[in-house]
Amino acid sequence: MTDFTSATDADGVAVITWDTQGKSMNVMNQQGFEDLDRLVGEALADEAVKGIVITSGKEGSFAGGMDLNIIAKMKDEGGDDPAKSLFEGVMDMHGVLRRIERAGMDEKTNKGGKPIAAALPGTALGIGLEIPLACHRIFCADNPKAKIGLPEIMVGIFPGAGGTTRLVRKMGAMAASPLLLEGKLNDPKKAKAAGVIDEVVDDPLAAAKEWVLSEPKIVKPWDEKGYKMPGGAPYHPAGFMTFVGASAMVNGKTQGVYPAAKALLSAVYEGAMAPFDTALKIEARWFTNVLLNPSSSAMIRSLFINKEALEKGANRPDVSDQTVKKVGVLGAGMMGAGIALVSALAGIEVVLLDQKQEAAEKGKSYTADYMDKGIARKKATEEKKAQVLGLITATTDYAALAGCDLIVEAVFEDPGIKATVTEAVEEVVGEDCIFATNTSTLPISELAKASKRPEQFIGIHFFSPVDKMMLVEIIKGKETGPRAVAKALDFVRQIRKTPIVVNDERFFYANRCIIPYINEGIRMVKEGVEPALIENAAKLVGMPLGPLQLTDETSIDLGVKIAKATKAAMGDDYPNEEVDEVLFWMESEGRLGRKSKAGFYAYDEKGKRQGLWDGLEARYPVAGEQPELVDVQHRLLFAQVLEAVRALEDGVLEDIREGDVGAILGWGFAPWSGGPFSWLDIIGAPYAAERCDQLTAEFGERFACPALLREMAEKGQSFYGRFGAEAKAAA
Ligand code: NAD
């Protein structure tokens, strides 16, 4: 069964309909390109056909993009010369779209040809917009929920099927830059106002048919003599300013670590100075260059292929559907309020319980505020707000939890309180109910002791703020059974977040890796490393926040609390006295971080972050000799990745895909690298092991090379080679 079909109506309009089998949204694959090309060719050759409309069989959307596995396949098929096969594969795509654009016109005179319009019922992303951009006119339904754009940059590539070249020629480099460089998506009206699409109408198919029959002019401006790029080509004074500015902006935003942004800019700049077909070739060469960069492959693997696999339940036990119908959220504080919100947004009935009615109502009001903001930004309506709020019952009465099939507990971080609420809940819920705790530090297996049904007890660890953070860590206690895991995974799927499933050890996975990063930064302050060097080194290697800023954001008293608890648990083995010296002193000075408007950074009265606090250098003088940037960066990165490797060795992580996806979504680990395991694969195990030895000699045992990494270095193995994309590491 093919994804593309064509039918010619009585007026002579061939309607080519795209309908990917078995998917809710169209996705382009190799066969799809061939079928589209063939159907367009047949319609152009058919004398009965006056014009062509390309549309979608899916309600509310045209296409979600390309199946990026195509790229991996093209690369593999190239054997020793992947660049050649990638370039040729990309040029084949250009050929298909260029044949649509030229539509049978005479090469020299631009005469003849048939009009081809795109009729979009809604969302058009990636290749789903690149195809319409090759058509002669784009009609889109007035569908405010639809998203139009080219988000490729978000997974480490750029629009490489002509989208870059066409958008810049259609809109000008300046106007196209947020769409290309930031992957900005617009609703249809905004996309029309920006000049990405041409018409927003009630019935795009009818409008497109009418248009193709109206004998419209179909030659693209760039195929006509005397074409000038809107806003000026690079050698034009205005164009010059654009490119100088864009270059600075790209470097500022990406810190030079994302190859795709730079390659995109090069494709645009060089392409702008060449005829259209040459520009497409230039685009294809830069696209190939990006696809061959290990960073792009790692980003595609983690942020597209593996993220999707995890969301689809790659590690879900084979248990019947566990879709959640009614969830009880215990504790309506910061986390509980957020969990209630995302659950109600997913259409799940929520009982939000706290000790006092007032507290429960306050938690519910978080959802009301969220919806109000949505209404102000025209993303939601009063009806939607009423509907979502209608799903949440704020209460103090445990009896209201009857009928819940999942409980998520988010009360104070205190084992005694958690045990009391667990017992109280089990009095009222049915035997089947799964109980999840959102604890960030307490062992799940210990908390499960309060439960009569430990096999139904699990950790579902959200990150703050719940509505923004995409990762959810699911933690199996010693006795957690498969149905509890399936329930947690089905819940995470319902609320459209990305799950990782890990085993129960101190700090689980994400916090276990981020704490050493923070500690390494603070340790360097104590050593006399210039604080600005620490912060900038982190950002220049792609971390979203430097360790000192991150400490300010999460709060210094929380750091102190965690340090004390860790020390109590580890006794004499505790390795972080140096860090605590700084941390405890900061707390004693009342510098608790952003919330107290004083931390490693200084803040103004409104709480806006200013520069690094100068009092820090007064207490910890900056050493005369400063380390090399790369050494600071390696300390910060190795602190995290070695912990990830240890988590794999300890069996906390069972799947390196979860380790990589979880690191990027959970704490923003240098996304360009594809995650800790991908980064180690990029630098190679032998070099990583050698660096561990150097860092250990200079800075201590915390950098000791894990046995697994040492063994891999000796055998010349990579993580993805050894543990396979599909295979489970610990299996
Ligand atoms: P919070 O103090 O904002 O909220 C806790 C809520 O629980 C309060 O409203 C309190 O009244 C209520 N509560 C306390 N005892 C109760 C009881 N016996 N019955 C009913 N309600 C009770 O705390 P929070 O930041 O939302 O954290 C809650 C849990 O989530 C903790 O276990 C914490 O470790 C975990 N967590 C927090 C974060 C974070 O960033 N804050 C992140 C992940 C997990």
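Predicted model, so just to flag it, every value in this text is computed and none were measured. Each ligand, and each atom within it, is numbered from 1 in the order the structure gives.
Looking at heavy atoms from C-beta onward, F703 lies in side-chain contact with E520 at the 4.5 angstrom threshold.
Ligand 1 has A410 within reach: a non-hydrogen atom of the residue lies less than 4.0 Å from it. Ligand 1 lies nowhere less than 4.0 angstrom from a heavy atom belonging to L330. Within the 4.0 Å heavy-atom shell around ligand 1 one does not find K362.
In this structure, atom 32 (O) of ligand 1 lies nearest to the protein heavy atom E413 OE1, 2.5 Å. From the protein, the heavy atom lying nearest to atom 11 (O) of ligand 1 is D354 OD1, 2.7 Å. Annotation: atom 40 (O) of ligand 1 to nearest protein heavy atom, S464 CB, 3.3 Å.
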S445 and E479: CA distance, side-chain angles, deciding distance, side chain to side chain donor-acceptor pair (under 3.5 Å) verdict: CA-CA 7 Å; S445 309; E479 295 186 59; over 6 Å; no

R512/E473 under salt bridge (Lys or Arg N to Asp or Glu O under 4.0 Å): CA gap, chis, key distance, verdict: CA-CA 12 Å; R512 173 180 177 151; E473 209 169 13; over 6 Å; no

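N576 pairs with exactly one of K567, E581, R523 by the side-chain contact (heavy atoms from CB on, under 4.5 Å) rule, that one being R523.
Atoms of ligand 1 found under 4.0 Å from any heavy atom of K418, numbered from 1 in the order shown, are 31 (C), 32 (O). Within ligand 1, counting atoms from 1 as listed, the ones closer than 4.0 Å to a heavy atom of H461 are 43 (C), 44 (C). Below 4.0 Å from some heavy atom of N438 lie the following atoms of ligand 1, by number and element: 30 (O), 35 (C), 36 (N), 44 (C).
Not one N or O of T439 is nearer than 3.5 Å to an N or O of ligand 1, by distance alone.
The heavy atom nearest to atom 7 (O) of ligand 1, out of those in L352, I417, V411, is found in V411. Nearest-heavy-atom check against atom 43 (C) of ligand 1 across F463, F462, F412 picks out F462. Distances from atom 17 (C) of ligand 1 to the heavy atoms of Q355, M334, E473, M335 show the closest one on Q355. The closest heavy-atom contact to atom 18 (N) of ligand 1, among the options I460, V425, V421, T420, comes from V421. Of the candidates S440, G333, A332, S440 brings a heavy atom nearest to atom 36 (N) of ligand 1.
Within the 4.0 angstrom cut-off, atom 3 (O) of ligand 1 has one or more protein heavy-atom neighbours.
Below 30°, between 30° and 60°, or above 60°: for F457 and F435 the angle between ring planes is below 30°, a parallel geometry. Ring orientation note: the planes of F638 and H634 are nearly perpendicular, at an angle over 60° on the 30°/60° scale. The aromatic rings of W613 and W585 sit parallel, their planes meeting at an angle under 30°, below the 60° perpendicular limit.
Residues S451 and E426 have side chains that bring a donor and an acceptor to within less than 3.5 angstrom of each other. For the residue pair D321 and T323, a side-chain donor N or O sits within less than 3.5 Å of a side-chain acceptor on the partner. Judged by distance alone, the side chains of N315 and E658 do bring a donor and an acceptor atom under 3.5 Å apart.
Of all the heavy atoms of K356, none lies under 4.0 Å from any atom of ligand 1, so neither backbone nor side chain is involved.
Few gaps surround NZ on K595; more than 12 heavy atoms of other groups in view lie less than 6.0 Å from it.
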